[in-house]
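Let me begin by presenting the structure, written as structure tokens, before commenting on it.
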Amino acid sequence: MSEIVNQSENQGSQSDLAAIAQPRPDRFFIKTFGCQMNVADSERMSVLLAEQGLTPADEVEDAQVIIINGCTVREKAVHKALSTLGRLREMKNRKQQRPIIGIGGCVGQLDRENLFKRVPGLDFVFGTDTIDNLPEIIHRVRSGEKHVVYADFDASMNYSTETKVFGFKAQAFVNIMKGCDKYCTYCIVPFTRGKEKSRTIDEVVDDVARLVATGVREVTFLGQNVNSFGKGNPNVKNRQPLELHNVIGKVGPRAGEENFPQLLRAIDTDPRCQDLKRIRFTSSHPLDFSDELIECYAPASQGGVARLSPHLHLPVQSGSNRVLQKMGRHHQIEAYFSQMARLRELCPDVGLSTDLIVGFPSETEEDFQDTLRLLDRVQFDHIYAFAYSPRPGTRAAKLQDDVPDQVKNERLNHLLNYQQGISEKLYASRIDSVMEVLVEGEAKNQKMAQTSTLTGRVWTGKTPCNRVVNFISDSPRSLVGQLVSVKVSHSTGFSLQGDVVVGDLQ
Ligand code: SAM
Ligand code: SF4
Ligand code: F3S
């Protein structure tokens, strides 16, 4: 804290006075690992800390409160969080004014007080259900308490929250449900995020309407499995359709409970959400990805949800039925193919992405070839692929981890290269087309400006089908949140480049 100056004794100018009299607010630094769930949680933490008068620090060295928001989905992710904490401890020991350091997220939830033994110098641990307790936690640490832990799950079935967005943003992550009841055999998430529970449709619609009024133009609904949205929530309003189905049978929340397609339609028709341009969601599970949700992708004139972006991230994990069965995914690959075929029928331009695991116990070369065939058949824009990592406490951890690391890595590299070829072709097929881009900000990499005949800064945004598009503009104003039409001129396997259609920038 800087010194407090008695104003009556100070002879300086007004501005000197202001500079001296204001104690510099404490600053915070949050390092996030893991998925969008953790990204959204970190944003919530930032808002909670800002409400306590703290400001964000650009560098960790300048922060008085440091938080690691950790992920435990693979062993490597845990190592990253712990080695970051190790470096922070050295920094803390060097400093005269020692910062307080805490860890949250899925690592905090799972390892709780054990983390104090593993990480000397750690002050507090919190979990995925106790983020809103952060101000209280920090107060207790600053009052001199040692080893503060807040990592209990909230045992009630109610889930009510309001989205917190840090600063002006055109996009917002909106949690609609939390937890996971699927228990895929390899996955630690049900143990770190707890049981599934959902917000009500009315609450989410009010939340989105409020965000739209602040300038948000795109929302991404978050949940480990948004298909389960509404499960366990008694019927609040009688909405259609009451039951959900897919190729496998009757699925999802039961009749009488709310469901995800109903939520999409409620947002789409609420007059307060008319300025919302795009709705996305992540993630869902093929087992209960319903026909009713696929129908939301139809053109609005045929009963679809107008604001739903033509993009779907539907994790499949493997192309082999034998492996899917061992993973406890409870569906066959043919069901996935027919879901994708129906979706493409209704929405030919849909951009698809997926998650894949290679080297699951007992995966053979033939199983792996099935996964490559899946890529050929579905033609994803993008994949997120991982080498299997046994997670203690999961059912798969009891199986012999019999695919050697070298083979796992070879398969992973091969899969990523194979997909790169597919993505390059798909992206190149967009050259010369005009695409609508929602601008997210200035591109981190400004190299494109050095080789272009145009002058200005490189901006980046996404198409409705979730492809990244970079373009140059000399506009002196921020373009964040604007929708611009870009004519695509170049492509890579990851992004498109192009020129703004003349007259499109306001
Ligand atoms: N609920 C989402 C779903 O089912 O797609 C997200 C699950 S997890 C946060 C994200 C991805 O991590 C999974 O889809 C899976 O591909 C991968 N993953 C989970 N556990 C893993 C493990 N033990 N080893 C390697 N990858 C894993
Ligand atoms: Fe993990 Fe499966 Fe739940 Fe996704 S659906 S979070 S992979 S258990
Ligand atoms: Fe990691 Fe937790 Fe997400 S384990 S992937 S941060 S739900």
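Read the numbers this way: they start at 1 and go in the same order the structure lists the ligands and their atoms.
By the salt bridge (Lys or Arg N to Asp or Glu O under 4.0 Å) test, R265 is found to be paired with no residue, residues two or more places apart in sequence or in another chain being considered.
For the salt bridge (charged side-chain N to carboxylate O under 4.0 Å, His left out) criterion with D268, the lone passing option out of R278, K277, R307 is R307.
Taking the charged nitrogens against the carboxylate oxygens, R44 and D132 do have a contact shorter than 4.0 Å, which makes a salt bridge. At a threshold of 4.0 Å, the pair R373-D370 counts as salt-bridged, since one of the basic side-chain nitrogens sits closer than that to a carboxylate oxygen. We find that D207 and R199 are joined by a salt bridge, their nearest charged nitrogen and carboxylate oxygen being less than 4.0 Å apart. Using a 4.0 Å cut-off between a side-chain N of Lys or Arg and a carboxylate O of Asp or Glu, E257 and K231 do not qualify as a salt bridge.
Formation of a donor-acceptor pair under 3.5 Å by the S495 side chain with backbone atoms of S491 is not found in this model. Judged purely by atom type and a 3.5 angstrom limit, K178 has no side-chain atom pairing as donor or acceptor with the backbone of N175. In this structure, the side chain of N133 does not engage the main chain of E136 through any donor-acceptor pair within 3.5 Å.
In summary, the atoms of ligand 3 found under 4.0 Å from a heavy atom of Q224, numbered by their order in the structure, are 7 (S).
Sorted by chain then number, the residues whose non-hydrogen atoms approach ligand 2 to under 4.0 Å are C180, K182, Y183, C184, Y186, C187, V189, P190, Q224, H285, R329. Pocket lining of ligand 1, defined as residues with a non-hydrogen atom under 4.0 Å away: V73, R74, Y186, V189, Q224, S283, P315, Q317, D355, I357, F386, A387, Y388, S389, R391.
Checking Q171 against T220 by side-chain atom types alone, no donor-acceptor pair falls below 3.5 Å.
Taking the six-membered ring for Trp and thresholds of 30 and 60 degrees, F360 and Y186 have ring planes more than 60 degrees apart, a perpendicular arrangement.
Within a radius of less than 2.8 Å around atom 2 (Fe) of ligand 3, the protein N, O or S atoms are C106 SG.
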### Task
Go through the steps to decide whether K408 and D401 satisfy the test salt bridge (charged side-chain N to carboxylate O under 4.0 Å, His left out), and finish with yes or no.
CA-CA 11 Å; K408 282 183 190 168; D401 183 17; 2.9 Å; yes

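Annotation: F281 is not in aromatic contact with H313 [ring centroid separation under 6.0 Å not met].
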